[in-house]
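Working notes, structure below.
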Amino acid sequence: MLKRTHTCGQLRSQHVGQDVVLTGWVNAFRDHGQGLVFIDVRDRDGLTQFVFEKDSVSGDLVETASKLRGEDVIAAKGTVRVRAGGGNPKLATGEIEVVVSDLEVVAKSDVPPFSPSDEDNLPGEELRLKHRYLDLRRPKMQNFLRTRHRIAKIARDYFDEQGFIEVETPYLCRSTPEGARDFVVPSRVQPGQWYALPQSPQIFKQILMIAGAERYMQICRCFRDEDPRADRQAEFSQIDLEMSFVDRDDVISMMEGFARTLWDKVLGVNMPTLDRVTYRECMDRYGIDRPDRRFGLELVDVSDLAAKTEFKVFTDALAKRRGVVKAIRVPQGTTELTRKITDGYSEFVKQFGAGGIPTTKVAEADGKLTLEAGIAKFVGPIADDLIERLGCEAGDQILFGADSYAVCTKALGELRLKLGADIGLIDETKWDFLWVIDFPMFEHDEATNRYYSLHHPFTAPNPDQLEAFLAAKDDDVDAIEGIVSAGYDLVCNGSEVGGGSIRIHQRDVQARVFKLLGMSETEAKDKFSFLLDALRFGAPPHGGVAFGLDRLVMQLTGTDNIRDVIAFPKTLNGADLMSQAPNAVSDEQLAELNVKSTYVPKDV
């Protein structure tokens, strides 16, 4: 085979006159007749136009070129010249073309089910995932792969310079459920025993700190058997980090430096010093702990005003424990929210536990602002105060949420994001970064009457909260929920791209957390004995963070689909359409593992 001298994206005007060899896939072909054929050849680096002219080569070569079709693999030798008829400014190689003198057809292609070169007429995602090898040939997909590689390299270089060492942690682990379901793997040599694939290397990286590694990093795979969504996969990658002898400010400063380096080197974006916003402020103003601040529509608490009405929706909500009424002002000039639209929003919030979205509209009568339509007659007594607090103008619309604090803020927070997208308020050219800090350490679920960790059970309380945490009574829900943790999340444009915390390094504090989470001493020892044992032998204060590698690539390439940035992703039901995984295995394989399937097909 002819040996390549350049890629299809390298040649420029300074190469004119040089003899070159290029290889790649036929991207497009044009037979102009009379012995003139143009072939565009593509590799991962770009596109180059080849010219076959009967005056400069044999007729057989031109005839062979005329039979080339999309996705044929070729190698061609020729001379670089200035592109005849003027350049193509849309191509990096548009100043030149290669006049071919020798051609080798390396591999012919069947007619592909879709053309990687035709971005405007791509089929549905299922067909593209089935033929992922074709989908990955698209320049856009190659850019995703390159960007992912570059992010990983920048991460390794940055943290190497900061004294971190990369350590691999096991894939076959003990099952210690951390919220999602574990993927489990049977052991052949220890019948009846099972490994679990790691949901994260959390415990191992803490063990590494106890072991004296001091600064650890790893680009690792994690596995969670949970329902996929646009920004989630059952198997994903994270840039995992841990540091010893640090506090929260040390970790945030180190990781902020990494994020700033990443955006600068990949996009040339100069990231400012990041705001630090408390969890409570995020929930109060945006209804979500990963706020997108590129647009307004902030939540405003109007509980005190709502208490002055006799509107049953408001009074019933305020009678609940931590009941609130909040409002969102939708300014005039945006898309008018018709009754049909607001009815749809009422249905939308029901999935978050809310009963609906009461609405009204601001109007002007006799030079005075007033409320009309919707629930106007129920909130008449507070109309003036409501209009003043929300800063309303004529034509504005007001949407209300009324329920417990948790339900109301969650529902309005999700509605705010939908509104921002629906009425086009999100500035897609803007970057908004912030650290969310001061998370509650626990949430209490009234239905199950138990506590849950907001981050994970290894997150330490803030230093100024330690004494209160140890002193609080287990059944004092307000006191326990009031404990602030040393957790922190990095948020970019409404997406959590990294999160972590200062960890618990005292054995008694860790045992106390397990007890609050409903674990008996025996259960805690059964699940986490190796961590509890390690804490007995001198653990340094330590903390870390994990950046979602896939989500970083999504942000830096501008896609909202995590499957775009993973070479071989799964569908929403967890299937790999290309390799046809998962698949059934034989009874013999199961018997060798001492496992028997209880699954009965529905059609049996």
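Note that the numbering runs from 1 along the sequence shown for the chain.
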Is the closest side-chain donor-acceptor distance between D182 and S175 under 3.5 Å? yes
When you look at L11 and L22, which way does the side-chain contact (heavy atoms from CB on, under 4.5 Å) test go after all the steps? CA-CA 10 Å; L11 299 177; L22 276 67; 3.9 Å; yes
Would a distance-only check, ignoring hydrogens and angles, find a side-chain to backbone donor-acceptor pair under 3.5 Å from R290 to G494? yes
Less than 4.0 angstrom from a charged side-chain N to a carboxylate O is my criterion; do K77 and D102 meet it? no
Mind listing the closest non-hydrogen atom pair of G544 and E242 along with its distance? CA-OE1, 3.4 Å
Do NZ/NE/NH1/NH2 and the carboxylate oxygens of R260 and E256 come within less than 4.0 Å? yes
Spell out, as yes or no, whether a donor-acceptor pair under 3.5 Å connects the side chain of R4 to the backbone of A76. no
Applying side-chain contact (heavy atoms from CB on, under 4.5 Å), run through F258 and I239 and close with a yes or a no. CA-CA 11 Å; F258 166 62; I239 304 172; 4.0 Å; yes
Side chains of T571 and N573: any donor to acceptor distance under 3.5 Å? yes
Contact check, side chains of L197 and L172, non-hydrogen atoms, under 4.5 Å: yes
Does any non-hydrogen side-chain atom of Q18 lie less than 4.5 Å from one of H15? yes
Distance-only donor-acceptor check, side chains D576 and S579, under 3.5 Å: yes
In sequence, state the C-alpha distance, the side-chain angles, and the governing distance for F38 and F29, and then conclude on ring-ring contact (aromatic ring centres under 6.0 Å, His included). CA-CA 6 Å; F38 293 94; F29 50 90; over 10 Å; no
Under a 4.0 Å threshold between the charged nitrogen and the carboxylate oxygen, would R42 count as salt-bridged to E71? yes
Could you check F236 against F223 for ring-ring contact (aromatic ring centres under 6.0 Å, His included), going step by step and ending with a plain yes or no? CA-CA 7 Å; F236 58 96; F223 306 85; 8.0 Å; no
Near N583 CG, under 6.0 Å, is it more than 12 heavy atoms from other residues, nucleotides or ligands? yes
Give a yes-or-no answer on whether the side chains of Q218 and T169 include a donor-acceptor pair shorter than 3.5 Å. yes
Close side-chain approach of V21 to K3, heavy-atom, < 4.5 Å: no
What I'd like to find out is whether the side chain of V100 reaches to under 4.5 Å of the side chain of T79, using heavy atoms alone. no
Under 4.0 Å between a side-chain nitrogen and a carboxylate oxygen: does that hold for D40 and R30? yes
Is the shortest distance from a Lys or Arg side-chain nitrogen in E226 or R181 to a carboxylate oxygen in the other one below 4.0 Å? no
Pair W263, L552 - check side-chain contact (heavy atoms from CB on, under 4.5 Å), show working. CA-CA 10 Å; W263 257 259; L552 286 174; 4.0 Å; yes
Worked verdict on R138 versus E119 for salt bridge (charged side-chain N to carboxylate O under 4.0 Å, His left out): CA-CA 8 Å; R138 293 160 48 208; E119 285 282 352; 3.0 Å; yes
NZ/NE/NH1/NH2 to OD/OE distance under 4.0 Å, E125 and R563: yes
Please check if atom CD in Q351 has more than 12 non-hydrogen atoms from other residues, nucleotides or ligands closer than 6.0 Å. yes
Evaluate the criterion salt bridge (charged side-chain N to carboxylate O under 4.0 Å, His left out) for residue pair D275 and R293; output intermediate values, then yes/no. CA-CA 11 Å; D275 293 337; R293 304 183 302 173; 3.1 Å; yes
Run the salt bridge (charged side-chain N to carboxylate O under 4.0 Å, His left out) test on E97 and R81 for me, step by step, so that the C-alpha distance in whole Å, both residues' side-chain angles and the decisive distance to 0.1 Å come before the verdict. CA-CA 6 Å; E97 58 191 9; R81 76 179 183 190; 2.8 Å; yes
Under 3.5 Å, is there a donor-acceptor pair between the side chain of S495 and the main chain of C492? no
Would you say the side chain of K54 lies within less than 4.5 Å of the side chain of L36, judging by non-hydrogen atoms? no
Testing the basics here: between T23 and A75, what is the closest heavy-atom pair and its distance to 0.1 Å? CG2-CB, 3.6 Å
I154 to K265 - nearest heavy-atom pair and separation: CD1-CB, 3.7 Å
Any Lys/Arg nitrogen of R221 or E168 sitting under 4.0 Å from an Asp/Glu carboxylate oxygen of the other? no
Heavy-atom donor-acceptor pair, R128 side chain to P123 backbone, under 3.5 Å: yes
When you check the side-chain N and O atoms of N561 and D564, is any donor under 3.5 Å from an acceptor? no
Without hydrogens or angle criteria, can the side chains of Q555 and W431 be said to hold a donor-acceptor pair below 3.5 Å? no
Should the pair K418 and Y345 be classed as cation-pi, given the thresholds of under 6.0 Å to the six-membered ring centre and 45° from the axis? no
So, is the end of the R132 side chain (NZ or CZ) under 6.0 Å from the ring centre of F568 and within 45° of the ring's axis? no
So, are D550 and R148 salt-bridged, with charged N and O less than 4.0 Å apart? yes
Search all heavy atoms of V491 against all heavy atoms of V436 and return the closest pair with its distance. CG2-CG2, 3.8 Å
Do Q49 and R83 pass the side-chain hydrogen bond (donor to acceptor under 3.5 Å, both in side chains) test, and can you show the C-alpha distance, the side-chain angles, and the key distance before you say yes or no? CA-CA 9 Å; Q49 177 172 282; R83 189 167 177 139; 2.8 Å; yes
Quiz question: by atom type and distance under 3.5 Å, do the side chains of S117 and R137 form a donor-acceptor pair? no
Taking atom CG of L415 and atom CG of D422, what is their separation to the nearest 0.5 Å? 8.5 Å
Considering residues, nucleotides and ligands other than E126, do more than 12 of their heavy atoms fall under 6.0 Å from its CD? no
Y216 and D240 side chains, donor-acceptor separation under 3.5 Å: yes
Evaluation steps, side-chain contact (heavy atoms from CB on, under 4.5 Å), between V51 and V98: CA-CA 6 Å; V51 183; V98 176; over 6 Å; no
Output the distance between atom CD (Q142) and atom CZ (R44), rounded to the nearest 0.5 Å. 7.5 Å
Measure the shortest side-chain to side-chain distance between L241 and F547 over non-hydrogen atoms and say whether it is less than 4.5 angstrom. yes
Against T7, only a single residue in T93, D43, T48, D45 fulfils side-chain hydrogen bond (donor to acceptor under 3.5 Å, both in side chains); can you say which? D45
Determine, for D432 against R294, whether the closest basic-nitrogen to carboxylate-oxygen distance falls under 4.0 angstrom. no
Consider only side-chain N and O atoms of T429 and D427, and report whether a donor and an acceptor are under 3.5 Å apart. yes
Please name all residues satisfying salt bridge (charged side-chain N to carboxylate O under 4.0 Å, His left out) with R156, sequence neighbours left out, ordered by chain then number. E166
Pairwise side-chain contact, S66 with F52, heavy-atom cut-off 4.5 Å (strictly under): no
Heavy-atom side-chain contact between L134 and W25 under 4.5 Å: no
So that I can tick it off, tell me whether E347 and K350 are bridged by a salt bridge, with the cut-off set at under 4.0 angstrom between side-chain N and carboxylate O. yes
Hey, is NZ on K108 packed in by over 12 heavy atoms from elsewhere, all under 6.0 Å? yes
Determine whether a donor-acceptor pair (N or O, by modelled atom type, separation under 3.5 Å) exists between the side chain of Q233 and the backbone of K570. yes
